[in-house]
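As structure tokens, the structure follows; a few thoughts come after it.
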Amino acid sequence: QAQLVESGGGLVQPGGSLTLSCSASGLRLSYYAMGWFRQVPGKEREGISCINFADGDTYYRDSVKGRFTISRDNDRKTVNLQMTGLRPEDTGVYYCAGDSWSLIHEQAMCQMGPTPQHASWGQGTQVTVAS
């Protein structure tokens, strides 16, 4: 079974930066897209940014456009999220996800989540933005 391991979370002051990384192991198939999702208490998990490995196309949630940058390694097993200009409302648990469905679209993955039968999730990493 594939495992996704996130790293890079922590406490940062408003305006600061963090970079999250996610690596997959135990994969039998490569992912076609990976992405980052955020959850805060009392709210549903929401897609922040997703990337398609086939063409490199990316999707960003409106609230993070211009501040966050997603990137991937060519091995189709690693995705990073560079976060700058962090705000208190960026606080939450950030989850990495991968989708091994060959037809997955990055926007659909972020807006609706990865396809259930092809999805893998990490355990999450806490990001706290506070002064």
Side-chain angles (χ1 to χ4, degrees):
Q1 176 132 7
Q3 283 189 317
L4 297 179
V5 178
E6 302 104 334
S7 62
L11 172 64
V12 64
Q13 292 187 341
S17 301
L18 281 175
T19 297
L20 306 182
S21 295
C22 173
S23 294
S25 62
L27 281 177
R28 292 185 293 110
L29 300 172
S30 297
Y31 290 128
Y32 286 87
M34 293 185 75
W36 291 93
F37 296 74
R38 178 176 67 209
Q39 189 163 28
V40 298
K43 292 189 176 181
E44 290 189 359
R45 198 177 307 188
E46 57 187 16
I48 300 301
S49 182
C50 296
I51 185 167
N52 188 305
F53 281 170
D55 53 23
D57 284 352
T58 58
Y59 170 85
Y60 294 94
R61 189 175 191 84
D62 284 348
S63 61
V64 306
K65 285 181 181 177
R67 300 188 297 123
F68 290 11
T69 303
I70 192 170
S71 61
R72 92 289 196 200
D73 289 356
N74 291 331
D75 62 1
R76 296 193 176 193
K77 298 179 181 179
T78 303
V79 65
N80 306 300
L81 185 68
Q82 183 179 14
M83 305 185 293
T84 63
L86 283 162
R87 305 167 181 169
E89 55 264 38
D90 295 320
T91 294
V93 179
Y94 283 70
Y95 295 89
C96 173
D99 197 316
S100 59
W101 184 41
S102 61
L103 298 181
I104 187 65
H105 188 276
E106 65 281 355
Q107 182 172 348
M109 180 179 179
C110 259
Q111 293 183 334
M112 295 182 288
T115 47
Q117 61 269 45
H118 299 286
S120 299
W121 289 94
Q123 294 300 307
T125 184
Q126 177 71 43
V127 172
T128 303
V129 185
S131 55

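Note that these values count all heavy atoms, side chains included, but never hydrogens, waters or copies made by symmetry.
A single hydrophobic cluster is not seen to contain both Trp36 and Ile104; linkage of ILVMFWY side chains at heavy-atom distances under 4.5 Å, directly or through other members, places them apart. In terms of hydrophobic clustering, with Ile, Leu, Val, Met, Phe, Trp and Tyr side chains grouped at heavy-atom distances under 4.5 Å, Trp121 and Ile48 are assigned to different clusters. Each of Val129 and Leu11 belongs to its own hydrophobic cluster when Ile, Leu, Val, Met, Phe, Trp and Tyr are linked at side-chain heavy-atom distances under 4.5 angstrom. Val93 and Met83 fall into different hydrophobic clusters, where Ile, Leu, Val, Met, Phe, Trp and Tyr are joined by side-chain heavy atoms under 4.5 Å apart, directly or via other members. In the hydrophobic clustering of this structure, Tyr95 does not group with Val5; members are Ile, Leu, Val, Met, Phe, Trp, Tyr whose side-chain heavy atoms approach within less than 4.5 Å, directly or through other members.
Considering all non-hydrogen atoms of both residues, Gly92 and Gln126 come closest at O-NE2, 3.5 Å. Nearest heavy atom pair, residue Thr69 against residue Tyr60, reads CA-OH, 3.3 Å. Shortest non-hydrogen contact noted between Leu18 and Gly8 is CD2-O, 3.7 Å. Between Met109 and Ala97, the shortest heavy-atom contact is CE-O, 3.5 Å. The heavy-atom pair separating Asp99 from Trp101 by the smallest distance is OD1-N, 2.9 Å. Closest heavy-atom contact between Gln39 and Lys43: NE2-O, 3.3 Å.
With hydrogens and angles disregarded, no donor-acceptor distance shorter than 3.5 Å links the side chain of Arg45 to the backbone of Phe37. Glu6 contributes a side-chain N or O that, together with a main-chain N or O of Gly124, makes up a donor-acceptor pair within less than 3.5 Å.
Side chains of Gln82 and Thr84: a donor-acceptor N/O pair is absent below 3.5 angstrom, by distance only.
Atom CZ of Phe53 sits in a crowded spot, with more than 12 heavy atoms from other residues, nucleotides or ligands closer than 6.0 Å. For Glu44, the CD atom sits in a loose shell: 12 or fewer heavy atoms of surrounding residues, nucleotides or ligands are nearer than 6.0 Å. Atom CD of Gln123 sits in a sparse spot, with 12 or fewer heavy atoms from other residues, nucleotides or ligands closer than 6.0 Å.
In this structure the side chain of Asn80 reaches within 4.5 angstrom of the side chain of Asp73, judged on heavy atoms. In this structure the side chain of Arg72 never reaches within 4.5 angstrom of the side chain of Tyr31, judged on heavy atoms. Under the 4.5 Å side-chain criterion, counting only non-hydrogen atoms from C-beta, Met34 is in contact with Leu4. Annotation: side chain of Ser49 is not in contact with side chain of Phe68 (no heavy-atom distance under 4.5 Å). Counting heavy atoms from C-beta outward, Ser63 and Glu89 have side chains that stay 4.5 Å or more apart. For the pair Glu106 and Ile51, the minimum side-chain heavy-atom distance is 4.5 Å or more. Counting only heavy atoms from C-beta outward, the side chains of Tyr59 and Gln111 approach each other to under 4.5 Å.
Here the CD atom belonging to Gln3 is positioned 12.0 Å from the OG atom belonging to Ser23, to the nearest 0.5 angstrom. Taking CZ of Arg87 as the reference point, atom CZ of Arg67 lies at 4.0 Å (rounded to 0.5 Å). A distance of 6.5 Å separates OG of Ser30 from NZ of Lys77, quoted to the nearest 0.5 Å.
Within the structure, the salt bridge (charged side-chain N to carboxylate O under 4.0 Å, His left out) test picks out no pair touching residues 7-16 (sequence neighbours left out).
Of the listed residues (Asp90, Thr91, Leu20), just one forms a side-chain contact (heavy atoms from CB on, under 4.5 Å) with Val127, and that residue is Leu20.
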Full working for side-chain contact (heavy atoms from CB on, under 4.5 Å) between Ile70 and Val79: CA-CA 7 Å; Ile70 192 170; Val79 65; 3.6 Å; yes
